[in-house]
Protein chains: 2
Amino acid sequence: MSEIITEMVKEKINEFIDRSKDLGLKVTPQRIAIYKELASTDQHPSTETIYKKIKDYYPNISLTTVYRTLETFEKLGLISVVNVLYNAARYDANLDPHNHIVCTVCKKVEDVYDASLTTLDISDKTLGEYQIKGYSILLNGVCKDCRSN
Amino acid sequence: MSEIITEMVKEKINEFIDRSKDLGLKVTPQRIAIYKELASTDQHPSTETIYKKIKDYYPNISLTTVYRTLETFEKLGLISVVNVLYNAARYDANLDPHNHIVCTVCKKVEDVYDASLTTLDISDKTLGEYQIKGYSILLNGVCKDCRSN
DNA sequence: TCTTTAATGATAATGATTACTATTTCCAAA
DNA sequence: TTTGGAAATAGTAATCATTATCATTAAAGA
């Protein structure tokens, strides 16, 4: 189950350490482990998944720490969240072609009608081995209300 | 708090009833209420939000019913989920410009590198009153593994 | 080494969702 | 119309993801 730490990952970890120092973040073994696990995979893991991997060689790390740390990293731009709207399912009865814009602060979602964004053609190469059903574009920014507060 | 039910919404509800019958779904007052609430808003509400609205005039509706019903509607294509990956936060240490493809069955997420999708330019009109930070495209389909099972 | 401040671990609390089951209701067929 | 049975609902318990709290520990600069 142990992974090969490639040169590329080592390099990313070093960059991470440098950036942490610049940002005034303390460099702890937990943080290094968490970053390392995330930098070593392209699986876009959940918090739980990262926690379980680290547990193998760092058995007394706390799940809370992993949650807290990933959130910290994300806020500082050291990593990113794949799914900004992970909190609760959000539904839409509007089946017309359209996209969405989400406010990263209040999580409000608004419709975006822009024909140039609903008619992209996706190359077969891009799809790989997937049988495509569609795509959705999620713009993100800060809404007027959240900027004025 | 009561909403004006526009002609358009009435029409959508009628279509919904017809499609339900076609699909062999029983048409219950709960289902009509749930569909109506969703068709009456562009706020992309959560299950809880829909539940609370209906409670005002249908006090003994069950939250469970709202959860179950939205899921049913979604599976049959009567409505859609804005955020397919609503289950748990998923992280990425890869900050290079790229997009993602998600398998709608197993929720696996893979990277998509396609320059034509990372260099879209979004018109100011599209952004409305948002201060844009970026966008992400989520392709969706069924992966090879899930197709063969 | 010392100090102080941020980070961690353990646990409890909360929030979202799903599982379970007895009861009810839709609706097709008599 | 009534009725039988499958499907849907309500209510509750259980589970899963996440956040809050707080006492203890450890990083890193003086």
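Atoms considered below: every heavy atom in the structure, side chains included; atoms not considered: hydrogens, waters and symmetry mates. Naming convention: chains lettered A, B, ... in sequence-line order (proteins, then strands); numbering from 1 in each chain.
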>> Per the salt bridge (Lys or Arg N to Asp or Glu O under 4.0 Å) rule, what does the pair list look like for residues 68-95 of chain A, sequence neighbours excluded?
In response: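 Non-adjacent pairs meeting salt bridge (Lys or Arg N to Asp or Glu O under 4.0 Å): A:Glu71-A:Lys75.
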[Y] and [X], any side-chain heavy atoms less than 4.5 Å apart:
X       : Y       : answer
A:Leu25 : A:Leu78 : yes
A:Tyr86 : B:Asn83 : no
A:Lys36 : A:Ile54 : no
B:Phe73 : B:Leu38 : no

Round to the nearest Å and state the distance from [X] atom [atom1] to [N] atom [atom2].
X        : N      : atom1 : atom2 : answer
B:Glu71  : C:dT17 : CD    : C1'   : 9 Å
A:Asn83  : C:dA16 : CG    : C1'   : 15 Å
B:Ile34  : D:dA8  : CD1   : P     : 12 Å
A:Arg31  : D:dT25 : CZ    : P     : 19 Å
A:Tyr58  : D:dA26 : OH    : P     : 9 Å
A:Leu85  : D:dT18 : CG    : P     : 14 Å
B:Lys75  : D:dA7  : NZ    : P     : 15 Å
A:Lys107 : D:dT18 : NZ    : C1'   : 13 Å

Where is the tightest heavy-atom contact between [X] and [Y], given as atom of each residue plus distance?
X        : Y        : answer
B:Thr119 : B:Tyr135 : N-OH, 3.3 Å
A:Gly77  : A:Arg19  : O-NH1, 3.9 Å
A:Gly141 : B:Tyr130 : C-CD2, 4.1 Å

Polar pairs (N or O, both sides) under 3.5 Å between protein and nucleotides 11-17 of chain D?
{"from": "D:dT12", "atom 1": "O4", "to": "B:Thr64", "atom 2": "OG1", "distance (Å)": "2.8"}

> When the nearest nucleotide of DNA chain C is assigned to B:Lys21 and to B:Leu63 on a heavy-atom basis, which residue is associated with the more 5' position?
Replying inline: B:Leu63
> Given that A:Leu25 and B:Leu25 both sit by DNA chain C, which one's nearest nucleotide is further toward the 5' end?
Replying inline: A:Leu25
> Regarding B:His44 and A:Asp111, is there a side-chain donor-to-acceptor distance under 3.5 Å anywhere?
Replying inline: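 B:His44 vs A:Asp111: donor-acceptor pair found between side chains.
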Hey, what are the protein-to-nucleotides 22-26 of chain C N/O distances that come in under 3.5 Å?
{"from": "C:dC26", "atom 1": "O2", "to": "B:Lys26", "atom 2": "NZ", "distance (Å)": "3.2"}

> Under 4.0 Å between a side-chain N or O of A:Thr69 and OP1 or OP2 of C:dT8?
Replying inline: yes
> If we fit an axis to the first five pairs and another to the last five of the helix from C:dT1-D:dA30 to C:dA30-D:dT1, what angle do they make, to the nearest 10°?
Replying inline: 40°
Dump the pairs, protein N or O against N or O of nucleotides 28-30 of chain C, anything under 3.5 Å, distances to one decimal.
none

>> Suppose we screen for salt bridge (charged side-chain N to carboxylate O under 4.0 Å, His left out). Which residues come up paired with B:Glu129, at least two apart in sequence or across chains?
In response: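 Salt bridge (charged side-chain N to carboxylate O under 4.0 Å, His left out) check on B:Glu129 returns A:Lys144.
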